[in-house]
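Notes to accompany the following structure.
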2 protein chains.
Amino acid sequence: MGKKITIDDLTKKLQSPHHKITPQRKIVLQVFIENPGEHLSAEDVHYILRDKGYDIGLATVYRSLELLSELAILQKNDFGDGCRRYELNTANPDAHRHHHLICLKCGKVAEFADDLLEDLEVDIMEKSKFKILDHQVTFYGYCSKCQKQL
Amino acid sequence: MGKKITIDDLTKKLQSPHHKITPQRKIVLQVFIENPGEHLSAEDVHYILRDKGYDIGLATVYRSLELLSELAILQKNDFGDGCRRYELNTANPDAHRHHHLICLKCGKVAEFADDLLEDLEVDIMEKSKFKILDHQVTFYGYCSKCQKQL
DNA sequence: TTGCTTGCAAACAGTTTGCACCCGG
DNA sequence: CCGGGTGCAAACTGTTTGCAAGCAA
């Protein structure tokens, strides 16, 4: 199982002469901690921070998100909706990312465990001779609620 | 097996009072027919057409690509590299799209058959109660050639 | 003739970057 | 004090759109 990510983890991961802990970086991470399960874009985070009274530059949000995902604190996702979305990476470090089911009607994003893909990956590696390092999988359809309303 | 797509297919599919067959649409399709296996962006197509002496507006290329993928003549892909890419949709109409393996070193794009995902999809549908209509799957890694050069 | 299409330029959205100033360690 | 970080605005990229003129049917 993955463990909960805290601001302390950020502090630990930034223990490097090249990186600094700043209030901006802390508060960006805080947004994700306070919004578990959300898949937030840079604009989303910026908006949430505005709402909370923190007036930090949009460019800084972009830069923080990039840094946090490099540190594997956030997972970067591309749902093909025109912007990058991030979420807390709660998985253990050597596991792959998890994946998404997106409802085409209500936009709800559900998640599914990665291990279902293991067999598929092995199969594809054998057939294609590719050494697979990462994957991005998204399913589109209707969630249980929306199926009833169609 | 899928069949070869020709300009005639375009003519057939555009048999509607709302659509017209234009030289621009034909030549855009022609580019894909002449570049099998390529995953081309709008800019790619525009550039290729320039090179061939056809001076088509970029906006028209975008509009043609959109139309051709609505007609299921092209398949639209999102490889997360910042632009939409298209390729001929050679699969039979009721099959899902096929998927991609992208080499992180040389950028080579290989393809793999869709049917490997069938089981996975059924499994996910059962567990999640989502009715899955479509999916987008991309694997990233190193192709056989680049593995040797690492 | 009719109205879908085109080309162009302007508009757009999301993201990145240059630079002067700021501040954490 | 110093090198990385921030804010702002401008730049950039890929894409879309409004509109007048063009052309397929």
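Side chains are part of it too, since the values below use all heavy atoms of this structure and drop only hydrogens, waters and symmetry mates. Chain A is the first sequence line, chain B the second, and so forth, proteins listed ahead of strands; every chain is numbered from 1. As the structure is a computational prediction, the values presented were derived from the model and not from experiment.
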Does Asp51(B) reach the main-chain N or O of Ile48(B) with its side chain, forming a donor-acceptor pair under 3.5 Å?
no
Heavy-atom contacts, protein to nucleotides 15-25 of chain C, under 4.0 Å, summarised as B (base), S (sugar-phosphate only) or - (none) per nt, yield BBBB-----BS
Measure the angle between the two terminal helix axes of the helix from dT1(C)-dA25(D) to dG25(C)-dC1(D), five base pairs each, and quote it to 10°.
40°
Nearest-Å distance, CG (Asp44(A)) to P (dA13(C))?
15 Å
Could you give the CD1-to-C1' distance, from Ile56(B) to dC8(C), as a whole number of Å?
15 Å
I want to check one thing: is the phosphate of dG7(D), taken as OP1 and OP2, less than 4.0 Å away from some side-chain N or O of Gln24(A)?
yes
Whole angstrom is fine here: how far is it from CG in Leu65(B) over to P in dT15(D)?
9 Å
Name the atoms and distances for all side-chain donor-acceptor pairs under 3.5 Å in residues 137-150 of chain B, with sequence neighbours left out.
from	atom 1	to	atom 2	distance (Å)
Thr138(B)	OG1	Gln136(B)	NE2	3.4
Tyr140(B)	OH	Phe79(B)	O	3.2
Gln147(B)	NE2	Lys129(A)	O	2.7
Gln147(B)	NE2	Tyr142(B)	O	3.0
Gln149(B)	OE1	Lys105(B)	NZ	3.3

Give the rounded distance in Å between these two atoms: CD of Glu70(A) and P of dG5(D).
11 Å
Can you check the Lys26(B) NZ to dT6(C) P distance for me, whole Å?
12 Å
Are side-chain heavy atoms of Leu120(A) and Glu118(A) found at a separation under 4.5 Å?
no
Test: Arg85(B) and Asp44(B) ion pair at under 4.0 Å:
yes
Within this structure, what is the CG-to-P distance between Leu40(A) and dG14(C), rounded to whole angstrom?
14 Å
Going by the rule side chain to side chain donor-acceptor pair (under 3.5 Å), which residues pair with Lys108(A) if we only count those two or more places apart in sequence or in a different chain?
none
Run the side-chain donor-acceptor check on residues 22-32 of chain A: report pairs under 3.5 Å with partners two or more places apart or on a different chain.
from	atom 1	to	atom 2	distance (Å)
Thr22(A)	OG1	Arg25(A)	N	3.2
Arg25(A)	NH1	Lys20(A)	O	2.7
Gln30(A)	NE2	Glu34(A)	OE2	3.2

For the pair made of CG in Asp55(B) and C1' in dG7(C), what is the distance, rounded to whole Å?
10 Å
Once you measure the plane-to-plane angle for His100(B) and His39(B), does it fall in the parallel (<30°), tilted (30-60°) or perpendicular (>60°) bin?
perpendicular
I need the CG-C1' distance between Asp81(A) and dG14(D), as an integer number of Å.
15 Å
Is the shortest side-chain N to carboxylate O distance from Asp55(A) to Arg50(A) below 4.0 Å?
yes
Tell me the side chain to side chain donor-acceptor pair (under 3.5 Å) pairs involving residues 62-72 of chain A, sequence neighbours left out?
Glu66(A)-Lys76(A)
